[in-house]
Amino acid sequence: MSVKKVGELLVEQQLITQDQLKEALELQKVFPDQPIGQLLCKLGFIKESDLSFILDQKNKRLKLVDILLDGGLLDQQKVSHAREVSKQSGISLEKALLKLNYVEEESLAKAVASQYDMPYIHINAAELDLSLSRFISAVYAQKQRLAPISKIGNTITLAMAHPLKAHDIRELEDSIRLKIISAIATETSISKSLKRLYNIDSSASASAADEVGLDIVPDSINDLLSSSSAGYEPDIEEETKKVTEKDSVIVKLVNKIVYDAYMNKASDIHIEPYPGKKDVVVRTRVDGQCSVYQRIPYKYKFAIPSRIKIMADLDIAERRKPHDGKIDFKKFGPLDIELRVATMPTVGGLEDVVIRILASGDPIGFSDLGLTERNLRVFQSALNTPYGLILVVGPTGSGKTTTLHSGLAQINKTSRKIWTAEDPVEITQAGLRQVQINPRIGFTFAAALRSFLRLDPDVIMVGEMRDEETASTAVEASLTGHLVFSTLHTNSAPETVTRLLDMGLDPFSFSDSLICVLAQRLGRRLCKDCKESYRPTETEFDDLVEEYGRSEFAATGLGIDDLNLARAVGCERCGNTGYRGRLGIHEVLECTPKMKGLIKRRADTDSVRELAAQDGMTTLKQDGLLKVFQGLTDIQEVRRVCIK
């Protein structure tokens with residue numbers, strides 16, 4: 001199979017015409033050392049961002065080693081040796097070259113600049129304006145290994161060790177509201193700049209994930225474990241208790257586990273000790289999938305849970321029953337985040353610990369929820385209703401709270417008084433009066449809801465309908481002139497209707513109050529940096545149509561040429577999984593007059609589902625398939641999260 005050249009790929013992607021390519025090829029005869037892509041940019045036929053995207057996507061960019069070889073800075077023997085050292089030490093090839101002194105740091109940085117067609121700059125850290133630090137946060141600067149070095153008007157120059165992706169630059173520009181010019185600099189000069197701007201000594205670390213104050217977050221968890229393991233291997237299990245939760249290594253170890261999980265956008269951390277001399281397994285859940293983050297020597301199996309319990313103000317002496325608590329992590333580490341902790345006694349007198357990293361912050365934009373046109377219209381219409389009941393349903397971790405808060409943000413005006421009862425309060429919004437539930441003292445969802453009715457509300461949000469009392473009180477509130485939001489753990493929108501009737505709700509009151517039910521799942525999104533687009537074969541198209549439902553698919557008006565599928569590939573940014581981030585898959589049931597009639601007659605789930613489909617509802621799986629057709633995710637993900 002012949003390998004396509006850059007020019008051919010650009011023509012194929014319709015970014016340039018055949019005539020423009022011919023003109024650039026003629027010009028290349030005059031400037032033979034200039035790549036065809038750069039000539040096309042200089043002629044104004046293509047944007048540099050589009051060229052960069054194609055080069056990265058199709059792996060057409062020159063390799064760093066080839067640039068160093070062509071420049072006479074390396075030979076093949078040194079490259080082979082550096083590759084061996086890289087593999088044995090578990091470090092990158094660039095780090096191995098520097099460690100072996102085969103290449104100067106400045107030469108390496110200049111080669112990176114050449115590779116990405118970016119300017120190389122030398123930074124005089126002592127002369128940097130300290131006010132530049134207010135434009136980029138310390139955590140982001142350290143994570144991405146970059147430093148702001150100058151600002152002129154609305155343009156800021158960022159020096160970085162490795163170039164950021166184009167979409168990351170765009171996101172950062174939107175965030176700081178400034179135009180960004182990117183430049184490459186050495187790791188050493190960036191470390192000095194970070195020291196000057198943020199007073200952080202990160203010179204001993206070359207990776208942002210390894211730093212942020214080395215007393216708090218160590219260089220590497222492997223280095224930390226190896227330095228503490230030397231010469232100490234307990235022979236009997238009782239001796240593991242000699243490693244206490246007060247040891248500095250344990251403090252750093254727990255901080256490092258939390259820090260890495262947060263930086264990798266994990267939602268949960270699972271710490272699993274085993275009897276005997278088996279390692280403690282630490283797993284993290286990223287984008288809904290668990291994977292092993294680290295195996296820690298068994299001698300720490302009592303100390304790590306104890307340290308976490310101390311941070312959460314729990315009783316470390318009581319190991320026979322479950323505990324739950326919270327940690328304000330900014331007291332212990334470099335991140336201002338809240339952690340929810342739950343422990344469970346397991347065999348051998350051990351304790352498992354699960355830490356939930358609470359996604360505190362602002363609600364995501366309503367347009368970013370990923371609702372289809374019809375679902376968006378129905379949900380938006382429900383939000384604009386003066387009173388009634390809106391339900392968002394799905395399993396734990398399916399994004400129900402996120403969707404509710406995005407909806408509340410749409411109607412959060414000074415003219416409306418909004419009360420919310422949540423457990424826990426994860427997303428905060430100015431203008432909302434938010435309440436934390438505490439069942440231990442009898443302050444339940446039902447108790448909060450009854451109290452809200454005496455506080456002159458316009459809109460009420462109840463975190464969850466766990467029982468008939470909460471559900472019936474919510475229905476009553478919606479019938480007395482309030483817009484009520486709530487969640488429920490059900491599999492689909494039609495099942496929600498029958499579940500609430502089975503709970504004991506009066507079908508007449510319930511049918512009058514219900515406006516719509518939105519069922520939701522979260523599927524993993526294909527990584528934008530490495531996903532591969534393709535056209536489906538006739539067989540594949542036929543299978544997708546069959547899975548969607550032939551009659552329903554015909555109503556979409558889509559044909560095989562309209563489908564733009566994509567498959568997972570895997571790259572460094574997505575941890576070679578092929579997926580990065582998640583997207584919502586939805587099912588919106590609209591409570592039409594006919595639907596109200598069915599509810600009053602206590603109709604079964606199948607009847608409700610059939611009528612909802614006639615009213616235009618797409619099932620969870622059909623909505624997921626529509627997102628597969630757009631190349632946002634793949635069929636395997638939809639099958640994984642959607643039962644039907």
Closest approach of [X] and [Y], non-hydrogen atoms and distance?
{"X": "P163", "Y": "V112", "answer": "CD-CG1, 4.1 Å"}
{"X": "Y579", "Y": "D287", "answer": "O-OD2, 4.3 Å"}
{"X": "M595", "Y": "D615", "answer": "CE-OD2, 4.5 Å"}
{"X": "E495", "Y": "T605", "answer": "CG-CG2, 3.7 Å"}
{"X": "F329", "Y": "L339", "answer": "CD1-CD1, 4.0 Å"}
{"X": "C591", "Y": "I599", "answer": "SG-CD1, 4.0 Å"}

[X] side chain to [Y] backbone, donor-acceptor under 3.5 Å:
{"X": "E590", "Y": "I515", "result": "no"}
{"X": "T496", "Y": "S492", "result": "yes"}
{"X": "E532", "Y": "A566", "result": "no"}
{"X": "N375", "Y": "L371", "result": "no"}
{"X": "Q410", "Y": "G407", "result": "no"}
{"X": "D458", "Y": "I418", "result": "no"}
{"X": "R285", "Y": "S291", "result": "no"}
{"X": "K596", "Y": "L514", "result": "yes"}
{"X": "S607", "Y": "A603", "result": "no"}

Next item on the list: Test ring pair (Phe, Tyr, Trp, His ring centres under 6.0 Å) on F541 and F629 and set out the steps.
Entry: CA-CA 10 Å; F541 175 73; F629 300 158; 8.0 Å; no

Margin query: Tell me whether the NZ or CZ atom of R567 lies within the 45° cone about the ring axis of Y534 and under 6.0 Å from its centre.
Written below: yes

Next item on the list: Start with the C-alpha distance between I156 and I176, add both sets of side-chain angles, then the distance that settles side chain to side chain contact (heavy atoms under 4.5 Å, CB included), and finish with yes or no.
Entry: CA-CA 10 Å; I156 190 168; I176 64 175; 4.1 Å; yes

Do [X] and [Y] come within less than 4.5 Å of each other through their side chains, counting heavy atoms only?
{"X": "E547", "Y": "I635", "result": "yes"}
{"X": "T372", "Y": "H586", "result": "no"}
{"X": "L583", "Y": "T633", "result": "yes"}
{"X": "L164", "Y": "L146", "result": "yes"}
{"X": "I269", "Y": "V354", "result": "no"}
{"X": "Y140", "Y": "L172", "result": "yes"}
{"X": "C516", "Y": "L589", "result": "no"}
{"X": "I181", "Y": "L158", "result": "no"}

Between [X] and [Y] (salt bridge meaning N to carboxylate O under 4.0 Å), is one present in this structure?
{"X": "D623", "Y": "K627", "answer": "yes"}
{"X": "D606", "Y": "R609", "answer": "yes"}
{"X": "E587", "Y": "R521", "answer": "no"}
{"X": "R170", "Y": "E173", "answer": "no"}
{"X": "E546", "Y": "R550", "answer": "yes"}
{"X": "D423", "Y": "R466", "answer": "yes"}
{"X": "D634", "Y": "R524", "answer": "no"}

Checklist line | Name of the residue among L565, V569, L526 meeting side chain to side chain contact (heavy atoms under 4.5 Å, CB included) with K531 | finding: L526

Checklist line | From CA spacing to verdict: side chain to side chain contact (heavy atoms under 4.5 Å, CB included), R416, I411 | finding: CA-CA 8 Å; R416 281 186 154 181; I411 57 173; 3.2 Å; yes

Next item on the list: Apply side chain to side chain donor-acceptor pair (under 3.5 Å) to H162 and Q144, showing your working.
Entry: CA-CA 8 Å; H162 293 283; Q144 301 293 356; over 6 Å; no

Between [atom1] on residue [X] and [atom2] on residue [Y], distance to nearest 0.5 Å:
{"X": "F485", "Y": "K400", "atom1": "CZ", "atom2": "NZ", "answer": "16.0 Å"}
{"X": "F135", "Y": "S175", "atom1": "CZ", "atom2": "OG", "answer": "12.5 Å"}
{"X": "C574", "Y": "R580", "atom1": "SG", "atom2": "CZ", "answer": "7.0 Å"}
{"X": "D174", "Y": "I169", "atom1": "CG", "atom2": "CD1", "answer": "11.5 Å"}
{"X": "R499", "Y": "D502", "atom1": "CZ", "atom2": "CG", "answer": "8.5 Å"}
{"X": "T284", "Y": "I355", "atom1": "OG1", "atom2": "CD1", "answer": "11.5 Å"}

Next item on the list: Show your working on side chain to side chain donor-acceptor pair (under 3.5 Å) between E422 and T420 and close with a plain yes or no.
Entry: CA-CA 6 Å; E422 301 168 71; T420 77; 2.7 Å; yes

How about [atom1] on [X], more than 12 heavy atoms from neighbouring residues, nucleotides or ligands closer than 6.0 Å, or not?
{"X": "R340", "atom1": "CZ", "result": "yes"}
{"X": "N154", "atom1": "CG", "result": "no"}
{"X": "E171", "atom1": "CD", "result": "yes"}
{"X": "Y262", "atom1": "OH", "result": "no"}

Could you go through residues 383-398 and list every donor-acceptor pair under 3.5 Å that involves a side-chain atom there, pairing it with any protein atom two or more places apart or in another chain?
unit_1, atom_1, unit_2, atom_2, d
N384, ND2, Q380, O, 3.2
T385, OG1, S381, O, 3.1
T385, OG1, A382, O, 3.1
S398, OG, P395, O, 2.7

Item checked: Candidate pair D542 and T539, rule side chain to side chain donor-acceptor pair (under 3.5 Å), full reasoning -> CA-CA 5 Å; D542 201 53; T539 306; over 6 Å; no

Note to self: One pair to check against side chain to side chain contact (heavy atoms under 4.5 Å, CB included): I585 and Q520. What are the steps and the verdict?
What the structure shows: CA-CA 6 Å; I585 297 171; Q520 180 165 325; over 6 Å; no

Notebook entry, point to check: Side-chain donor-acceptor pair under 3.5 Å between T428 and Q434, yes or no?
Noted result: no

Check: Going through the distances and angles, do Q622 and T619 end up as a side chain to side chain contact (heavy atoms under 4.5 Å, CB included)?
Finding: CA-CA 5 Å; Q622 287 171 344; T619 65; 3.3 Å; yes

